[in-house]
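A quick write-up on the structure given underneath.
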Amino acid sequence: MSEQMEHFRQQVYYWVSKIPKGKVTSYGAIAKLSGFPRHARHVSKALGSAPNRKKLPWQRVIGADGKIAFNSDSDHFAIQQSLLEKEGVKVIKGKVDLKLYAWKHPLEGDKKTSSQNSGIQAEDFFR
DNA sequence: GGGGTGACTGCAG
DNA sequence: CCTGCAGCCACCC
C-alpha cells in the first residue's frame, strides 16, 4: 500500500526535476502529472521530505494562484524567493506572474496560448 | 479509533 | 485584488 505512495513520491521528484529553469508550476500540476490528481498537499509533503532536496529545483513549485506557499515571514519563503529571482523569476508581493513564468507541462497539450514561450529552451523541455 | 494539521484548490463574496 | 471556506488526504499524536 505504502508502495504506491513511494511510487508517487518518485514521480513527484521526477517531474519536479523536469521543470525548466526560470519556469514554475503548481503542486496540483505535479500531483496530476504524477498520477494522483487530488494530492497537491502530498506533493508539498514529498518535497519537504525529499532526500535529494538540495538537488531538486523545489523552488519552482508554487501555489496554483502563483503564490509562494510558505508563510511570508518565514525563512523558507525568503529562500524560495531568492532562489527564484536568482534564475530570473520575479516575485512581486509573494507571487509570480504565471502569464510569464508558468511551465507548459506535458498534460496541458497545446492550448495555442503560445503567446510567450518564445525562448523555451528545447533542451530543458522533455528532457 | 478520533481529531488536528498542512509547502493545496477552486469558488463564492 | 483579497479573504474566507469547504473539500481533500496521508500522517502524527
(Q) Under a 3.5 Å cutoff, is there a donor and acceptor pairing between the side chains of A:Q81 and A:Q59? (A) no
Q: Quick one: label A:K93 by what it contacts on the DNA or RNA (base, sugar-phosphate, nothing), any heavy atom closer than 4.0 Å.
A: nothing
**Q.** Whole angstrom value for the distance that separates C1' of C:dC11 from NE2 of A:H39
**A.** 14 Å
(Q) Are more than 12 heavy atoms, taken from residues, nucleotides or ligands other than A:D75, located less than 6.0 Å from that residue's CG atom? (A) no
Q.
For B:dC8 and A:S26 - does any side-chain N or O of the residue sit under 4.0 Å from the phosphate oxygens OP1/OP2?
A. no
Q.
If I take atom NZ in residue A:K32 and atom P in nucleotide C:dC9, what distance separates them, rounded to the nearest angstrom?
A. 16 Å
Q. Nearest of B:dA7, C:dA10, C:dC9 to any side-chain atom of A:R38?
A. C:dC9
Q: Check every atom of B:dC8, B:dA7, C:dC2 against the side chain of A:F70 and return the nucleotide holding the closest atom.
A: B:dA7
**Q.** Atom pair distance, as rounded to whole Å: CD1 in A:I92 and P in C:dC2
**A.** 12 Å
(Q) Tell me the interatomic distance from A:Q4, atom CD, to C:dC11, atom P, rounded to whole angstroms. (A) 12 Å
Q) Contact class for A:R41 (heavy atom, under 4.0 Å): base, sugar-phosphate, or nothing? A) base
Q | Sugar-phosphate, base or nothing in reach of A:H42, heavy atoms under 4.0 Å | A | base
**Q.** Atom-pair distance (CD1 on A:I79; P on B:dA7), nearest Å
**A.** 14 Å
Q: Assess the side chains of A:R9 and A:S49: does a donor N or O sit below 3.5 Å from an acceptor N or O?
A: yes
Q: Return the value, rounded to whole Å, for the distance between atom CG of A:L84 and atom C1' of B:dA7.
A: 13 Å
**Q.** A:K67 NZ - C:dC1 P separation (whole Å)
**A.** 12 Å
(Q) Less than 4.0 angstrom between a side-chain N/O of A:K45 and OP1 or OP2 of B:dC8, yes or no? (A) no
Q. Using the ring of each side chain (for Trp, its six-membered ring), is A:W103 parallel, tilted or perpendicular to A:W15, with breaks at 30° and 60°?
A. tilted
Q.
Whole angstroms only, please: what is the CG-C1' distance between A:D65 and B:dG10?
A. 10 Å
(Q) Under a 3.5 Å distance rule, please check whether A:K32 uses its side chain to pair with a backbone N or O of A:R38 as donor and acceptor. (A) no
